[in-house]
Peer 1: 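Following this message is one structure expressed as structure tokens.
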Amino acid sequence: MEVVAVIDFETTGLSPAQGDRATEVAAVILEDGKVVDRYQSLMNTGVRIPPFIESLTGISNEMVRRAPPAAQVMQDVSDFVGDRPLVAHNASFDSKFWDAELARIERSRRQEFVCSLLLSRRIFPLAPSHKLGALVEYANLPVAGRYHRALADAEMAASLLLCLEGELRERHQVSEVSVELLRRIQRVPKGQLKKCIARELSR
DNA sequence: TGCCAGGCCCTCTTTAGGGCCTT
């Protein structure tokens, strides 16, 4: 697989369109089956974190008040990941915040996202849940730290991606798992994974 | 005052509804 950047945001809520902002971002660079570089930072947007979210993430208003400005953090993390393909667990969520926070510093995303949630639904259809934590347990992956902290979640999403790649290699005899193949697999209709892989491998 | 997301996916579907997943 090509070198990819696995990212994760902690935020004040679910929707940047409703005024929610990022509170923390992390990115890990995945190369040759291992994490070779890491970035993590809290970020100060000036938006108050609701008590429920403080409790969920352990990220307090006091912590972000002391953090660097969001503009600086987004510039740094954007430079850190560069043009590498991005991966996130439930990418529809992280891509919204990635795009919204980048737009505030007048930058735009140049690469597509791969979603480990959509992939895990195809590759592990029998998992009891496709939440990140449940998949980590299901696949017996290492717990990288506290759930709902950006770096720990990004590390565990990276482990999950490697696990999914391993499944494709072993169970489906795919010798080379490309980002393009992952993008196609995450859109395959239910029950058509094998057919999709066979079609892709015969190209 | 009351309410507040959105994409994906399944099904008792397609002129819809509801659960999952992210914080």
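In what follows, every chain begins at residue 1, and chains take the letters A, B, ... in the order their sequences are listed. Only a predicted model underlies this, so the values are computations on that prediction, with no experimental measurement involved.
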Peer 1: Side chain of A/Ser92, heavy atoms from C-beta onward: which of B/dG7, B/dT22, B/dA5 has the nearest atom to it?
Peer 2: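 For A/Ser92, the side-chain atoms sit closest to B/dG7.
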Peer 1: Rounded to whole Å, how long is the line connecting atom CD of A/Gln186 with atom P of B/dT22?
Peer 2: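 Taking atom P of B/dT22 as the reference, CD of A/Gln186 is at 16 Å.
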Peer 1: Ignoring backbone atoms, test whether A/Arg187 places a side-chain nitrogen or oxygen under 4.0 Å from the OP1 or OP2 oxygen of B/dC8.
Peer 2: yes
Peer 1: Send over the distance from A/His89 NE2 to B/dC8 P, rounded to a whole Å.
Peer 2: 15 Å
Peer 1: Grab the CG-P distance between A/Leu118 and B/dC10 for me, whole Å please.
Peer 2: 11 Å
Peer 1: Between A/Asp79 and A/Arg107, does any NZ, NE, NH1 or NH2 come within less than 4.0 Å of an OD or OE carboxylate oxygen?
Peer 2: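 Yes, A/Arg107 and A/Asp79 are salt-bridged.
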Peer 1: Please tell me whether A/Val3 and A/Val77 are part of a single hydrophobic cluster in this structure, the criterion being side-chain heavy atoms less than 4.5 Å apart.
Peer 2: yes
Peer 1: Could you give me the CA-CA distance, side-chain angles and deciding distance for A/Asp20 and A/Ser15, then say whether side-chain hydrogen bond (donor to acceptor under 3.5 Å, both in side chains) is met?
Peer 2: CA-CA 5 Å; A/Asp20 292 319; A/Ser15 173; 5.3 Å; no
Peer 1: Have a look at A/Leu117 and say if it touches a base, only the backbone sugar-phosphate, or nothing, with a 4.0 Å heavy-atom cut-off.
Peer 2: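 Result for A/Leu117 = sugar-phosphate.
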Peer 1: Suppose you measure atom C1' in B/dG7 against the same atom in B/dT23; what distance do you get, rounded to whole Å?
Peer 2: 16 Å
Peer 1: Find the distance A/Leu119:CG to B/dC21:C1' and express it as a whole number of Å.
Peer 2: 14 Å
Peer 1: Determine the contact category for A/Glu10: base if any of its heavy atoms lies under 4.0 Å from a base atom, sugar-phosphate if only primed atoms, P, OP1 or OP2 are that close, otherwise nothing.
Peer 2: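 Sugar-phosphate: the residue A/Glu10, judged by heavy atoms under 4.0 Å, touches backbone atoms but no base.
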Peer 1: Answer with base, sugar-phosphate or nothing: what part of the nucleic acid does A/Asp8 contact at a heavy-atom distance below 4.0 Å?
Peer 2: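 Answer is sugar-phosphate: A/Asp8 comes under 4.0 Å of backbone atoms only.
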Peer 1: So, A/Asp76 versus A/Gln72: side-chain donor-acceptor pair below 3.5 Å or not?
Peer 2: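 Result is yes, a qualifying pair exists.
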Peer 1: Has A/Ser129 got a side-chain N or O lying under 4.0 Å from the OP1 or OP2 atom of B/dC21?
Peer 2: yes
Peer 1: Between B/dT14 and B/dG18, how far apart are the C1' atoms? Round to whole Å, please.
Peer 2: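 One C1' to the other, the span is 15 Å.
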Peer 1: Over how many whole Å does the gap from A/Ile49 atom CD1 to B/dT23 atom C1' extend?
Peer 2: 11 Å
Peer 1: Pick the nucleotide of DNA chain B nearest each of A/Lys96 and A/Arg121; which residue has the one closer to the 5' end?
Peer 2: A/Lys96
Peer 1: Could you check whether A/Thr57 gets within reach of a base, just the sugar-phosphate, or nothing at all, counting any heavy atom under 4.0 Å?
Peer 2: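 A/Thr57: backbone/sugar contact only, no base atoms under 4.0 Å.
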Peer 1: If the P atom of B/dT15 is compared with that of B/dT22, how far apart are they to the nearest Å?
Peer 2: 31 Å
Peer 1: Hey, does A/Phe97 reach any base, or is it just sugar-phosphate, or nothing, if we go heavy atoms under 4.0 Å?
Peer 2: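 No contact.
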Peer 1: For A/Phe52 and B/dT23, what is the distance between atoms CZ and P respectively, to the nearest whole Å?
Peer 2: 10 Å
Peer 1: Are OP1 or OP2 of B/dC20 and a side-chain N or O of A/His130 less than 4.0 angstrom apart?
Peer 2: no
Peer 1: B/dC21 P sits how many Å from A/Tyr147 OH, rounded?
Peer 2: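 Value for this atom pair: 14 Å.
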Peer 1: C1' atom, B/dC12 versus B/dC4: distance in rounded Å?
Peer 2: 30 Å
Peer 1: Looking only at side-chain N and O atoms, does A/His148 come under 4.0 Å of OP1 or OP2 in B/dT23?
Peer 2: yes
Peer 1: Go through B/dC8, B/dT22, B/dG7 for me and flag the one nearest to the A/Asn90 side chain.
Peer 2: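 Given the options B/dC8, B/dT22, B/dG7, the side chain of A/Asn90 is closest to B/dT22.
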Peer 1: How long is the line joining CG of A/Leu132 and P of B/dC20, in whole Å?
Peer 2: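 Going from CG in A/Leu132 over to P in B/dC20 covers 17 Å.
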Peer 1: If we take the P atom in both B/dA5 and B/dT13, what is their distance in whole Å?
Peer 2: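 Taking atom P in both B/dA5 and B/dT13, they lie 26 Å apart.
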Peer 1: Let me see the working for A/Val114 and A/Val4 under side-chain contact (heavy atoms from CB on, under 4.5 Å), right down to the final yes or no.
Peer 2: CA-CA 9 Å; A/Val114 169; A/Val4 299; over 6 Å; no
Peer 1: State plainly whether one hydrophobic cluster holds both A/Leu162 and A/Leu181, where clusters connect Ile, Leu, Val, Met, Phe, Trp and Tyr through side-chain heavy atoms under 4.5 angstrom apart.
Peer 2: yes
